Amino acid sequence: MRKFWKAAKDFAGEEDGVGVVEIILILVVLIGLVIIFKKQLTSLVKSILSKITSQSNSI
C-alpha cells in the first residue's frame, strides 16, 4: 500500500503529468454524461443483467 501512495505522490509531483484541473474537468464531464443519460444507462444495464440471468439458467 505504501508503494501505491509513493507512486501517486511521485506522479502528482511531476511537471509533465496531468494536472489536477484536467482530472477534475474530466470527472465533471463524465458525471454530467451519466446524469444526462441516466435512464438509458439504467435500461441498458437492466437488459444486460436479464440476458445474463436468462442465459445462465439455460446452462
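Model, not experiment: these values are computed from the prediction.
Every residue meeting the side-chain contact (heavy atoms from CB on, under 4.5 Å) condition with Leu30, not counting sequence neighbours, appears here in chain and number order: Ile26.
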Got a list of side-chain donor-acceptor pairs under 3.5 Å for residues 34-41, not counting sequence neighbours?
none

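For the atom pair CD1 (Ile48) and CG (Leu44), the distance works out to 4.0 Å, reported to the nearest 0.5 Å.
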